[in-house]
There are 2 protein chains.
Amino acid sequence: MRIKKQKDICEVKSVDKSRVKAIKKIMLSDRDVNGLSETFSVLADPTRIKIIYALSKEELCVCNVASILGISISAVSHQLRILRNMRLVKFRKEAKRVYYSLDDRHINRLFDQGLKHVRE
Amino acid sequence: MRIKKQKDICEVKSVDKSRVKAIKKIMLSDRDVNGLSETFSVLADPTRIKIIYALSKEELCVCNVASILGISISAVSHQLRILRNMRLVKFRKEAKRVYYSLDDRHINRLFDQGLKHVRE
DNA sequence: TTGACATTTGTTCAATTGCTCAAATATAAT
DNA sequence: ATTATATTTGAGCAATTGAACAAATGTCAA
């Protein structure tokens, strides 16, 4: 095979300059892009999906979530921390238990839209 | 610190059995869970988000996408393959160029819902 | 206090992922 | 055929991530 040095960066002459410029101008802000990718990342994990779904039905303690999903309490707690950091769930402590519930109406809508998509 | 063997699995007696059972019964199917996590995974990457956004505005060739995002053609092509596999984009060849466009109305809606969420 | 239960947290490890580079393929022009 | 342009693909690598396990914290009851 011949050796070719490839620039791998789009040559100016081969680019439709005005088209590229126009779209660059209306491109999403870094803030939007990061927000979107963070949001979708949280929803991109099977365990978290199940947790969110369960909590969308009812407030539950960590132990019950673990029971419902059939995974360890530790694993649930780790995932709940992620959801907490993203402010998707809120919690209240009652004696030894900690009860979690959904804390973001938007997420429910995103979730439902996603379900509609996969079930279409 | 005391050594305790911890089962890390919810003790039956501490679980609200009927509550757990009820939610287990209406839990999402594996199919739904996998579909959701795959769908959200595709949307969870900044590069793919930008590509999807750009393509939502206009049909574009690989080279122009690379130019708009300011990343290598190879990187774009790799990501486009993922979007192709998920059937989120379609393409048509014209001479040496390959033009991509969005091929899923649902994704646009999911995307917009996501934007609404992060901008709230 | 001691012990049991509920949850959280830190560490380690394996798997996944996105990128780069090099190479291959495809198409058209010389 | 050779060259140039456009895109795809495969390998290798660094960074991220989810799960498992151990240990720590917190709360209540005996």
Side-chain angles (χ1 to χ4, degrees), chain A residues 1-16 20 33-34 37-38 40-51 60-67 69-86 89 91-100, chain B residues 1-16 20 33-34 37-38 40-51 60-67 69-86 89 91-100:
Chain A
M1 184 238 185
R2 274 167 294 124
I3 307 284
K4 287 180 283 188
K5 40 184 151 177
Q6 174 174 337
K7 293 159 207 150
D8 207 29
I9 291 293
C10 206
E11 297 282 302
V12 178
K13 60 180 162 183
S14 68
V15 173
D16 179 336
V20 166
V33 171
N34 292 336
S37 79
E38 276 172 30
F40 287 126
S41 291
V42 188
L43 297 169
D45 177 72
T47 301
R48 285 191 296 269
I49 287 174
K50 290 178 199 162
I51 293 177
L60 292 165
C61 71
V62 179
C63 189
N64 278 4
V65 173
S67 235
L69 304 206
I71 65 175
S72 78
I73 291 171
S74 173
V76 170
S77 182
H78 274 294
Q79 298 301 343
L80 281 172
R81 183 163 54 109
I82 293 173
L83 296 174
R84 235 165 45 217
N85 290 343
M86 294 289 293
V89 298
F91 62 96
R92 86 188 154 81
K93 300 194 178 190
E94 185 175 317
K96 286 182 267 189
R97 304 287 188 83
V98 180
Y99 289 92
Y100 282 84
Chain B
M1 183 239 184
R2 278 167 290 123
I3 305 283
K4 290 179 280 189
K5 40 184 151 181
Q6 175 175 337
K7 292 161 205 144
D8 207 29
I9 289 294
C10 204
E11 297 282 300
V12 177
K13 60 182 161 182
S14 68
V15 173
D16 180 336
V20 167
V33 172
N34 292 335
S37 78
E38 276 174 31
F40 287 127
S41 291
V42 187
L43 297 170
D45 177 71
T47 301
R48 284 192 296 270
I49 287 174
K50 291 178 200 162
I51 293 176
L60 292 165
C61 71
V62 179
C63 189
N64 278 3
V65 173
S67 235
L69 305 205
I71 64 175
S72 78
I73 291 171
S74 174
V76 170
S77 182
H78 277 294
Q79 298 301 342
L80 281 172
R81 182 163 53 109
I82 293 174
L83 297 173
R84 235 163 46 216
N85 290 343
M86 296 287 293
V89 298
F91 62 96
R92 87 188 154 78
K93 301 193 178 190
E94 185 176 316
K96 285 182 268 188
R97 303 286 188 85
V98 180
Y99 288 92
Y100 282 84

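The basis for the numbers below is simple: all heavy atoms, side chains too, and nothing from hydrogens, waters or symmetry mates. Since this is a predicted model, take the numbers as computed values, not measurements. Below, chain A is the first sequence line, B the second, and so on; all start at residue 1.
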Could you check A:R48 against A:I82 for side chain to side chain contact (heavy atoms under 4.5 Å, CB included), going step by step and ending with a plain yes or no? CA-CA 9 Å; A:R48 285 191 296 269; A:I82 293 173; 3.7 Å; yes

Please report the distance, rounded to the nearest Å, between [atom1] in [X] and [atom2] in [N].
{"X": "A:N85", "N": "D:dT17", "atom1": "CG", "atom2": "P", "result": "13 Å"}
{"X": "A:N64", "N": "C:dT7", "atom1": "CG", "atom2": "C1'", "result": "13 Å"}
{"X": "A:Q79", "N": "D:dT17", "atom1": "CD", "atom2": "C1'", "result": "9 Å"}
{"X": "B:I82", "N": "D:dT9", "atom1": "CD1", "atom2": "C1'", "result": "13 Å"}
{"X": "B:I51", "N": "D:dT7", "atom1": "CD1", "atom2": "C1'", "result": "14 Å"}
{"X": "B:K93", "N": "C:dT25", "atom1": "NZ", "atom2": "P", "result": "14 Å"}
{"X": "B:R97", "N": "C:dT27", "atom1": "CZ", "atom2": "C1'", "result": "12 Å"}
{"X": "B:F91", "N": "D:dT7", "atom1": "CZ", "atom2": "P", "result": "12 Å"}

Of the options [options], whose atoms approach the side-chain atoms of [X] most closely?
{"X": "B:K96", "options": "D:dA19, D:dC28, C:dT27", "answer": "C:dT27"}
{"X": "A:C61", "options": "C:dT7, C:dC5, D:dT5", "answer": "C:dT7"}
{"X": "B:V62", "options": "C:dT7, C:dG18, D:dT7", "answer": "D:dT7"}

Could you list the residues that satisfy side-chain hydrogen bond (donor to acceptor under 3.5 Å, both in side chains) with A:R84, not counting sequence neighbours?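 With sequence neighbours excluded, A:R84 shows a side-chain hydrogen bond (donor to acceptor under 3.5 Å, both in side chains) to A:Y100, given in chain and number order.
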
Looking at every non-hydrogen atom in both residues, tell me the closest pair between [X] and [Y] and how far apart they are.
{"X": "B:S41", "Y": "B:S37", "value": "OG-O, 2.6 Å"}
{"X": "B:A66", "Y": "B:I73", "value": "CB-CG1, 3.9 Å"}
{"X": "B:I49", "Y": "A:V33", "value": "CD1-O, 3.8 Å"}

Closest-nucleotide 5' rank along DNA chain D - winner of A:A95 and A:S41: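 It is A:S41, whose closest nucleotide lies nearer the 5' terminus.
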
Under-3.5 Å N/O pairs linking protein and nucleotides 9-16 of chain C:
unit_1: C:dT9; atom_1: O4; unit_2: A:S74; atom_2: OG; d: 2.7
unit_1: C:dG10; atom_1: O6; unit_2: A:H78; atom_2: NE2; d: 2.5

Looking at [N], I'd like to know if its phosphate oxygens (OP1 or OP2) sit under 4.0 Å from a side-chain N or O belonging to [X].
{"X": "A:Y99", "N": "C:dT7", "answer": "no"}
{"X": "A:Y100", "N": "C:dA6", "answer": "no"}
{"X": "B:R48", "N": "C:dG18", "answer": "yes"}
{"X": "A:S72", "N": "D:dC21", "answer": "no"}

Nearest-0.5 Å distance, CG of residue B:N85 to CD of residue B:E38: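 The CG atom of B:N85 sits 10.5 Å away from the CD atom of B:E38.
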
Atom CG in A:L69, atom CD in A:Q79: separation rounded to 0.5 Å?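 So the CG of A:L69 and the CD of A:Q79 are separated by 10.0 Å.
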
